[in-house]
Amino acid sequence: MIVSVFGCGYLGAVHAAAMADLGHTVIGVDIDESKIEALSAGAATFFEPGLPDLLKSGIERGRLVFTTDIREAADADVHFIAVGTPQTPGSYAADLSYVRAALTAIAGIAKPGSLIVGKSTVPVGTAAELVEMLEDRAPDVSLAWNPEFLREGFAVKDTLEPDRLVYGVVAGDRGVRDAAALDAVYADALAAGTPRIITDLATAELVKVSANAFLATKISFINAVSEIAEVAGADITALADAIGHDARIGRKFLNAGVGFGGGCLPKDIRAFTARAEELGRGSSLAFLHEVDVINQRQRQRVVEHAVRLLGGSVNDRRIAILGVSFKPNSDDVRDSPALDVAVQLKGLGAHVIATDPEGIENACRRHPQLTYEPSVNDALVDADLVVLVTEWDEYRNLDPVETLKITRMNNIIDARNVLDPANWREKGWTYVGIGRP
Ligand code: UGA
C-alpha cells in the first residue's frame with residue numbers, strides 16, 4: 001500500500017519506518033525542515049534503539065521518503081495522523097491545534113476513497129469533530145482512529161509486534177471498508193495472531209487514555225503504599241512481588257520510586273480529567289488528580305531524603321544525580337522526575353552534577369544552570385551524596401566498593417529501588433530506598 005504519516009516526531013518517525021519495514025511505500029510528512037532533513041539521511045532526531053537501522057533500510061530499499069511537501073502524499077491509500085497533542089499552557093486540556101491542522105492539510109490532497117487514520121492521543125469526541133470537518137472538506141475520504149501503545153525505548157518492537165490492534169471506525173459499510181484497509185496495513189501482525197478489536201471512534205479514543213490512566217494509577221498506588229511502608233518499616237519491593245503474583249494484579253508497573261514522567265502519562269491523565277470536566281463528569285475522574293499529586297510528591301520525597309541524609313541542608317554539598325531522562329533507554333527529558341529532583345536540589349543550594357548516557361543534551365537545553373558530566377565516574381567525584389534517579393543498566397550495575405573510592409561520602413539514595421540494599425550497606429554505604437526499611 002501507499003501510506004503517508006503526517007507528523008514525524010516520536011510516534012510518526014517510528015510508525016513511518018515500521019510501515020516501510022512491513023513492505024508499504026511510505027511518505028513521511030512534517031513541517032519541520034530540520035527533522036525532515038535528518039530523517040531523510042536516516043538519522044532520528046531522538047534516541048530510540050533500533051530506529052536508525054530501520055530508517056536506513058527503508059530509505060535504501062526506496063520505500064521510505066520524508067518531505068515537507070504534503071502534495072507528495074496525494075497518492076496514499078492511507079494517511080496516518082501522528083502529530084503531538086501537548087498539554088495546553090495554563091490548562092490541563094490537550095492542545096488539538098496540530099491534529100486539526102493535519103486533518104485540514106490531508107483533506108486538501110487526499111484522493112477519493114482514501115482513509116485518514118488518527119494515531120495521536122486525543123480527548124474522546126475529537127474524532128467525531130474531525131469527521132464533521134471532513135464532511136465539509138473531502139466527503140469521499142474516511143476517518144478511523146487507531147491508537148498507538150508503543151513505549152519509548154521499545155518503540156520499534158512495539159510497532160512491529162503490537163500486543164493488540166484497536167480500530168475505531170464509523171458505522172455501516174464505510175466502517176467495514178475502513179477496517180479492511182487497516183487489515184491490509186497490518187497484515188503481518190494479524191497473520192502472527194495479534195488480537196484486533198474493532199470499535200466505534202469514541203471507544204478507540206477512550207481505550208488509549210484509559211490504558212495510560214490505568215498505568216499511571218498503578219504506579220501512584222504502589223508509591224502511595226510505599227509512603228506507608230516507609231513509616232511502618234515495611235519493604236515495598238517485597239510487597240509488590242507478593243501482590244504481583246496475583247495474576248489479577250500483575251507485577252508490572254508496580255515499581256515504587258520517584259514516579260512517572262515523560263511526554264505521555266502525566267499529560268494524558270490531565271487531559272483526561274479536563275475532558276471529563278467538559279463532559280460534566282469531572283467527579284468520575286477526580287481520583288486521577290490524586291494520582292498526579294502522589295506522583296509529584298515522590299519527587300519531593302527524594303529531595304527530603306537528600307536533605308535528611310546530609311544533616312538538614314544540602315547547601316554547598318556536592319550531589320551526583322545519576323540519570324536525567326524520564327526512563328532508561330530514552331533521551332526524553334519531558335516532565336522527567338530525575339531532572340525535577342536535580343533542579344530542586346540545585347534550588348536548595350547544592351552543587352548538582354548530573355549524568356546520563358543519552359539525555360544530557362536535551363536536559364542542558366532545558367536547564368543550563370545544572371552541571372552535566374557525560375561520564376558517571378566524573379559525576380561521582382567527591383560527591384557527598386549519590387542519587388540514582390533513572391535506572392540505566394550502568395547505574396544498576398555500579399560496584400559499591402569502586403564507587404566509594406570515587407565519592408567523598410557514603411550516602412546513596414536509590415530512587416528507583418534497583419540496588420541491593422544489603423550489598424551496599426555491607427560495603428559501607430548509608431543506603432536509602434523508597435519505601436524500604
Ligand atoms: C507510555 C505507555 O506505557 C505506552 O503504552 C504508551 O503508548 C505511551 O505512554 C504513549 O502514550 O505514547 P512511555 O511514556 O514510553 O509509555 O513510558 P512508560 O514505560 O509507560 O513509563 C512511564 C513512566 O513511568 C517512566 O517515568 C517510568 O520510569 C515510570 N514507571 C514505570 C514507574 O515509576 N514505575 C513502574 O513500575 C513503571
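Since the model is a prediction, treat every value here as computed from it, not as a measurement. For ligands, and for the atoms within them, numbers begin at 1 and follow the listed sequence.
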For [X], atoms of ligand 1 separated by under 4.0 Å from a heavy atom:
{"X": "Glu148", "result": "7 (O)"}
{"X": "Leu265", "result": "1 (C), 9 (O), 22 (C)"}
{"X": "Arg416", "result": "28 (O), 32 (C), 33 (O)"}
{"X": "Glu152", "result": "15 (O)"}
{"X": "Phe260", "result": "23 (C), 24 (O), 26 (O), 29 (C)"}

Check your understanding: Do any nitrogen or oxygen atoms of Pro337 lie less than 3.5 angstrom from nitrogen or oxygen atoms of ligand 1?
Key ->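 Between Pro337 and ligand 1, no N or O pair is found under 3.5 Å apart.
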
Review point. Quick check: does Lys327 get an N/O under 3.5 Å from an N/O on ligand 1?
Key: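 Min N/O separation from ligand 1 is below 3.5 Å for Lys327.
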
Measure the distances from the heavy atoms of [X] to every atom of ligand 1 and state whether one is below 4.0 angstrom.
{"X": "Gly259", "value": "yes"}
{"X": "Cys264", "value": "yes"}
{"X": "Lys208", "value": "yes"}

Exercise for review: Check the surroundings of atom CZ in Arg251: do more than 12 heavy atoms from other residues, nucleotides or ligands lie under 6.0 Å from it?
Suggested key: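 Yes, the 6.0 Å shell around CZ holds more than 12 heavy atoms from other groups.
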
**Study point:** Neighbour count >12 (heavy atoms, 6.0 Å) for atom CZ, Phe221
**Key:**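 Counting other residues, nucleotides and ligands, CZ of Phe221 stays at 12 neighbours or fewer.
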
Exercise for review: Specify the closest pair of heavy atoms between Glu148 and Lys208, including all atoms of both residues, with the distance to one decimal.
Suggested key: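 That would be O-NZ, 2.6 Å.
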
Exercise for review: Report yes or no: is the cationic atom of Arg275 (NZ for Lys, CZ for Arg) under 6.0 Å from the centre of the six-membered ring of Phe272, at an angle within 45° of the ring normal?
Suggested key: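 That pair does not qualify as a cation-pi contact.
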
Check your understanding: Does NZ or CZ of Arg164 fall inside the cone over Phe149's six-membered ring, less than 6.0 Å from its centre and within 45° of the axis?
Key ->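 Judged by the rule, Arg164 and Phe149 form a cation-pi pair.
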
Review point. Taking NZ, NE, NH1 and NH2 as the nitrogens, is one of them in Asp335 or Lys267 under 4.0 Å from a carboxylate oxygen of the other?
Key: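 Here Asp335 does not pair with Lys267 in a salt bridge, since their nearest N and O are not under 4.0 Å apart.
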
Check your understanding: Salt-bridged, Arg318 to Asp384, with N to O below 4.0 Å?
Key ->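 No, Arg318 and Asp384 are not salt-bridged.
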
Specify the protein heavy atom at minimum distance from [atom]: its residue, its atom name, and the distance to 0.1 Å.
{"atom": "atom 20 (O) of ligand 1", "result": "Phe253 CZ, 3.3 Å"}
{"atom": "atom 5 (O) of ligand 1", "result": "Phe149 O, 2.9 Å"}
{"atom": "atom 36 (O) of ligand 1", "result": "Asn255 N, 2.9 Å"}
{"atom": "atom 2 (C) of ligand 1", "result": "Asn212 OD1, 3.6 Å"}
{"atom": "atom 26 (O) of ligand 1", "result": "Phe326 O, 2.9 Å"}
{"atom": "atom 6 (C) of ligand 1", "result": "Leu150 O, 3.3 Å"}
{"atom": "atom 30 (N) of ligand 1", "result": "Ile219 CD1, 3.4 Å"}

Measure from the side-chain N and O atoms of [X] to the backbone N and O of [Y], and report whether any donor-acceptor pair falls under 3.5 Å.
{"X": "Gln298", "Y": "Val258", "result": "no"}
{"X": "Ser336", "Y": "Val333", "result": "no"}
{"X": "Asn295", "Y": "Phe260", "result": "yes"}

Check your understanding: So, for His15 and Phe80, is the gap between ring centers shorter than 6.0 Å?
Key ->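 Ring centres of Phe80 and His15 closer than 6.0 Å.
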
Exercise for review: Measure the acute angle between the ring planes of Phe47 and Trp392, then classify it against the limits of 30° and 60° as parallel, tilted or perpendicular.
Suggested key: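 Rings of Phe47 and Trp392: tilted, as their planes differ by 30° to 60°.
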
Practice item. Specify side chain, backbone, both or neither for Leu215, according to which of its non-hydrogen atoms lie closer than 4.0 Å to ligand 1. Key: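 Near ligand 1, Leu215 shows its side chain, while the N, CA, C and O stay back.
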
Check your understanding: When you look for heavy atoms under 4.0 Å from ligand 1, do you find them on the side chain of Leu254, its backbone, both, or neither?
Key ->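 For Leu254, only backbone atoms sit under 4.0 Å from ligand 1.
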
